Amino acid sequence: MEYKPDEIEKAAREKWAKEDIYKVTNDSSLPKYYVLDMFPYPSGAGLHVGHPLGYIASDIFSRFKRLKGFNVLHPMGWDAFGLPAEQYAIQTGQHPTITTEQNLARYRSQMDMLGFSYDWSREIKTSDPKFYRWTQWIFLKLFGSWYNNKTQKAEPIETLISQFEKLGTTEIDAAYGEEMTFSADEWKSFSEKKKSDVLFNYRLAYLSEAWVNWCPALGTVLANDEVKDGVSERGGYPVERKLMPQWSLRITAYSDRLLNDLDTIDWSESIKEAQRNWIGRSEGCSLQFTINNPDSYREQFTITVFTTRPDTVFGVTFITLAPENELVNKITPASHKAQVEEYVNIAKNKTERERQAEKKVSGIFTGAYAIHPFTGNKIPIWVGEYVLAGYGTGAVMGVPAHDSRDHAFAKHFGLDIKQVIEIPESLATARNEAVLPDNKIASQSLAMTEPYDGKNGKCINSDFLNGLDVKDAIKRAIEEIEKRGLGKGKINFRLRDAAFGRQRYWGEPIPIYYKDGIPTPLDESELPLVLPEVDKFQPTETGEPPLARATTWKYKGQYNYEYTTMPGWAGSSWYYLRYEDPKNDKEFTSKDAINYWQNVDLYIGGAEHATGHLLYFRFWTKFLNDYGLIPFTEPAKKLVNQGMIQGVSAYITRINTEIFVLSGSILRTLFTIPIIYITKEVADKIVTDEGMQNELVDFLNNCFRKFNPRMAAFVRDQDYSIKIDARGRNWFNTRPFPIQEISANNDIEKEKIIEWINNYDRIENTQIVFFPEDNKPYVFNREVEKMSKSKWNVVTPDDVVAQYGADTMRMYEMFLGPLELSKPWSTQGISGVYNFLKKFWRMFFSSQWSVASSQSEEFYVSGEKATPAELKILHKTIKKIDEDIERLSFNTAVSAFMICLNELYDLKCNKREILEPLLICLSSFAPFVAEELWTKLGHTSSVVKAKFPKFEESYLVENTFSYPVSFNGKTRFMLELPLNLSKEQIEKEVLSSEDAKKWLKEAPIKKVIVVPNKIVNIVV
RNA sequence: GCCCUGGUGGUGGAAUUGGUAGACACGCAGGACUUAAAAUCCUGUAUUCAUUGCGAAUGUGCGGGUUCAAGUCCCGCCCGGGGUACCA
């Protein structure tokens, strides 16, 4: 009987569905295991071959754990809120609910096709009010909490209020936005509104005026991790900085714990490192500078800076403020006001992208001076873009000798550079700076051409710090600063609070309404606050978010609800808990469920969520733990990042058709020039080769004449000829072409290109020309990159499954290489896995050993007793598979199956005693084949419920070992010796062997190394 | 720039604790079966030299080192991939 994947897979799918085979219960005496895939966003394109990589791995692991006797929670659901569905809704008017439903139905069917063992009775969807009710509930808890630094826990806001009432701000050590001090009496005298504002300074979910990443094209605010290179991660639209009222979560309160607890979890080093960098802890101190203000009527101000290098305080020669710093306006004397304001305005209004692109130094002198707290010197105060408003105090002390940015700034504006740390001799030499006899360096004063920011060296020119090493000097300087009351030791984090409001429709409503201008939370009992219907998904004419369109969007018909919605990551920050008890309408998850399932044992997903989702995920877990709602502080014990399966895209190069011609005084575009396709090779040649350039110019001029006689006349009349800017690569456009259409040689008949362009670009074929005009096929330029619809390089699993079956697809993706590795998709080699499955199948059919036709073969396994050799092969494989799955080394496990099969095949083994346990091992990789053969073996229950075969060491016991014998480390021959020999006996045996004599000849033996059961090495 | 990764045959990759480098698979070459094809099976396949057989030398990005022994450990470079960037 032939192996027909489509038939057996269909049958198995139906069987599993009918028997509800993957359902798991919460009341089990078995040990639990929780395997989770990262929450997918169901996009319109469906799954491509890259998506299932992690799902296959987690599925194999889940099935394996089930066979090993665990009660395995392996759920799937949908991160259903999000921008693409809403953008689509804006374009088509179709409600995001509908699009989302369609998309996830497609995902679901693809997942079923691949045989994933999800318990679909636990399916969740973030856009379902039954789910987001609890997201809102957690938000309200965050809103009603402050962070007590003393207990290192979130606490109800009421405890803070009662402290305010008793003691004001004294004795409070809380995470806050800005420093506040008031007495209990003052607190009591505050208006309701004022009290509300003050509390927002402490709440974990709060509303404040904040600089945000505003994306005009998307009409919304984005979190830091949603902005890449100054543009939005989704869509690539420019992002501006804007000051606006904004809901945020005080994740910064958890900085320390988020950082420290990384050491307790088994996550990849690269993710942990990315989080450490993102959190960005730095130790230092604050330091105050008073302002030397000649305008005596003006208020006295102080500037506080944050520095990690107080040891360099004597090297301060200027102070720089961020353009956004409020002090700029206050300290600038009238004489400088105009210029400073102009500079500040320009700097503030730049987009993130412009700021990042701008590499040159910019800044302006404010006209004001500060007093150096130790030397009493007057030092100028500048404003500079390189100082960030959001970090530290938005002000830095300029130490140009020992900070590269300060150095660049000082050099550019001709400010003093004062060296205060000795440069180590080796470095000074490397820099060609003369070293004087007494180990002082010639450039120790003014002429430092490069900054030295290293932390090795002793302080010089630094009064009480002189002679101290940097490390000691830092301590000493902080001591002195604290003693003189100029500042105090401080730890700063790079991590910012997370913007939580989105000016969009398709997200969870924020359960807040505004009563007399005071943001007021809904009561828990009033949840869920359900997303209202709106006539359009766009902002209102006055620029308010879409929710403002809903006339009913009022609390008790009276007070306006909050118009912004939650960001995409809200639901995914806690969803893993909901799977444990997905239907509960009394609690987010029951205590019993949490106590049984606990946190995720194995979490598999892409590395792109390193600083976004995975940080919020940990943050919310810690918060819920603070309230005793869950008994653990980390959401996932082990995290594995699967590599990306990239696509290969084919690029076609064409000459930029926007050729401008100066007509009179206006630049006109010549639209009528044909589209000219050239290969990458030709394009590269044109850039450098003048002969080729001339040829192309002639060619273009001919095209004019041929395709546009009027233009040809113009060209002739004006004696116009096209010039090519050899440096300007912009001259060429590249455009992706569907990769599936192209042969392995990367070439294609030109007619095909023309046909495709007609269809997709709607350009008539008379307008398409190739250069040079030979008859050879067009050769493409290939690139390996992310699979994406827009690049026409997407390969779906559907095609692969149709051709080879899901089992082959599953095993092949695993066979490609280590799970964590990224690799381009290629089906080269898939036949190896397919052949394996076919061969495995044939082992179960009677006449397999005759080479005759396969038509008449019947299912047959022998009941004979297995031989020791057969048992050895089986148990070697059981051991290997078990170990490999445990360490997620699926590629080597697949190899092990192949090796096992080859060996059994050589022995012509078709014994049940061997094949049946092997089938169970294979069932987590190829569940369909396994189910079919399992049934044929006469079992009535599913292979899913089988027990993983027990490994018996006794079958593997050997009494001899084949020693590789090497001379000077080079292996020369093998020698089989009994295992029970002593080192001395082994040495004797080896030296007396014929082979050894041949190699030894007369050479004297210096030493013989014998490692029992490993190797023998003879040194001559 | 900084941080994290990785670099092994024609290709994907294996070598888990320093102990036979190249498992397994693809591809390729040759052969069997067949009228033929598909399917299946067998043999070979790191490189170079030698081939009459035995063989020999080289070899895990490059240059050093430690060791009886290095793909694996140490030092210094080069290249690819990913992350991040005025974070004071």
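Computed from a predicted model, the values in this text were never measured in an experiment. Convention: sequence-line order gives letters A, B, ...; per-chain numbering from 1.
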Review point. Counting side-chain heavy atoms from CB outward, which of B:rC87, B:rC24, B:rC4 is closest to A:S270?
Key: B:rC4
Point to revise | Base B:rU16 paired with A:K880 side chain (donor-acceptor, <3.5 Å) | key: yes
Exercise for review: Take atom CG of A:D884 and atom C1' of B:rU16, then tell me their distance rounded to the nearest Å.
Suggested key: 9 Å
Check your understanding: Rounding to a whole Å, what distance do you find between A:I474:CD1 and B:rA88:P?
Key -> 12 Å
**Study point:** Listed nucleotide nearest any side-chain atom of A:R405, set B:rC41, B:rA25, B:rC87
**Key:** B:rC87
Check your understanding: For A:E883 and B:rU17, what is the distance between atoms CD and C1' respectively, to the nearest whole Å?
Key -> 13 Å
Review point. Among side-chain atoms of A:K839 and A:N902, is any donor-acceptor pair under 3.5 angstrom?
Key: yes
Point to revise | Watson-Crick or G-U wobble partner of B:rU40, both distances under 3.5 Å | key: B:rA32
Review point. With rounding to whole Å, what would you report as the distance between B:rG7 and B:rG12 at their C1' atoms?
Key: 15 Å
**Study point:** Ring centre gap for A:F493 and A:W278 strictly below 6.0 Å
**Key:** no
Practice item. Using whole Å, report how far CG of A:D906 lies from P of B:rC41. Key: 11 Å
**Study point:** For atom CG of A:N835 and atom P of B:rC24, their distance in whole Å
**Key:** 15 Å
Check your understanding: In whole angstrom, what separates A:Y391's OH from B:rA88's P?
Key -> 4 Å
Practice item. Quick one: label A:T971 by what it contacts on the DNA or RNA (base, sugar-phosphate, nothing), any heavy atom closer than 4.0 Å. Key: sugar-phosphate
Review point. So, is A:S282 close to the B:rA88 phosphate, meaning a side-chain N or O under 4.0 Å from OP1 or OP2?
Key: yes
Check your understanding: Are A:F890 and A:F61 close enough that their ring centres sit under 6.0 Å apart?
Key -> no
Review point. Counting side-chain heavy atoms from CB outward, which of B:rU5, B:rC3, B:rC87 is closest to A:R494?
Key: B:rC87
Review point. Expressed as a whole number of Å, how far does the C1' atom of B:rU60 sit from that of B:rG22?
Key: 9 Å
Point to revise | Minimum-distance nucleotide to A:L388 side chain [options: B:rC87, B:rC41, B:rC68] | key: B:rC87
Review point. What is the pairing partner of B:rG80, taking Watson-Crick or G-U wobble pairs with both distances under 3.5 Å in any strand?
Key: B:rU5
Review point. So does A:R281 reach the base of B:rC87 with its side chain, donor to acceptor, closer than 3.5 Å?
Key: no
Revision key, fill the gap. When A:Y343, A:F409, A:F318 are each screened for ring pair (Phe, Tyr, Trp, His ring centres under 6.0 Å) with A:W382, the one that passes is A:F409
Check your understanding: For the residue pair A:Y812 and A:W825, does the interplanar ring angle fall in the parallel (under 30°), tilted (30 to 60°) or perpendicular (over 60°) class?
Key -> perpendicular
Check your understanding: Just how far, in rounded Å, is C1' of B:rA23 from CD1 of A:I899?
Key -> 6 Å
Check your understanding: Using the purine O4'-C1'-N9-C4 or pyrimidine O4'-C1'-N1-C2 torsion, is B:rG82 syn (within 90° of 0) or anti?
Key -> anti
Check your understanding: Counting just side-chain N and O atoms, does A:N891 come under 4.0 Å of either OP1 or OP2 of B:rG12?
Key -> no
Check your understanding: Nearest 0.5 Å, what's the CG-CE distance between A:L53 and A:M814?
Key -> 4.5 Å
Review point. For the atom pair NE2 (A:H613) and CD (A:E608), what is the distance rounded to the nearest 0.5 Å?
Key: 10.5 Å
Point to revise | Distance between C1' atoms of B:rC33 and B:rA21 (Å, rounded) | key: 37 Å
Review point. In whole Å, what is the span from the NZ atom of A:K1014 to the P atom of B:rC68?
Key: 18 Å
Exercise for review: Specify the residue among A:S831 and A:R972 whose closest nucleotide of RNA chain B lies further upstream toward the 5′ end.
Suggested key: A:S831
Check your understanding: If you measure from the P atom in B:rU66 to the same atom in B:rG71, how many Å do you get, rounded?
Key -> 16 Å
Practice item. For B:rU67, give its Watson-Crick or G-U wobble partner with both distances under 3.5 Å, or none. Key: none
**Study point:** Watson-Crick or G-U wobble mate for B:rA57, both contacts under 3.5 Å
**Key:** B:rU47
**Study point:** P spacing across the pair B:rG9 / B:rA23, given as an integer number of angstrom
**Key:** 13 Å
**Study point:** Interatomic distance at P, B:rG61 relative to B:rG13, whole Å
**Key:** 14 Å
Point to revise | Nearest-angstrom distance, P atom, B:rA69 to B:rC87 | key: 48 Å
Check your understanding: OP1 or OP2 of B:rA25 less than 4.0 angstrom from a side-chain nitrogen or oxygen of A:N902, does that happen here?
Key -> yes
Study note, to complete from the structure: Judged by nearest nucleotide, the residue sitting upstream toward the 5' end of RNA chain B, A:I1015 or A:A896, is A:I1015
Check your understanding: Between B:rG12, B:rG83, B:rC24, which nucleotide has the shortest distance from any of its atoms to the side chain of A:M898?
Key -> B:rC24
Exercise for review: May I ask you to check whether A:F961 and A:Y963 place their ring centres under 6.0 Å from each other?
Suggested key: yes
Review point. What integer number of Å spans the C1' atoms of B:rU48 and B:rC41?
Key: 33 Å
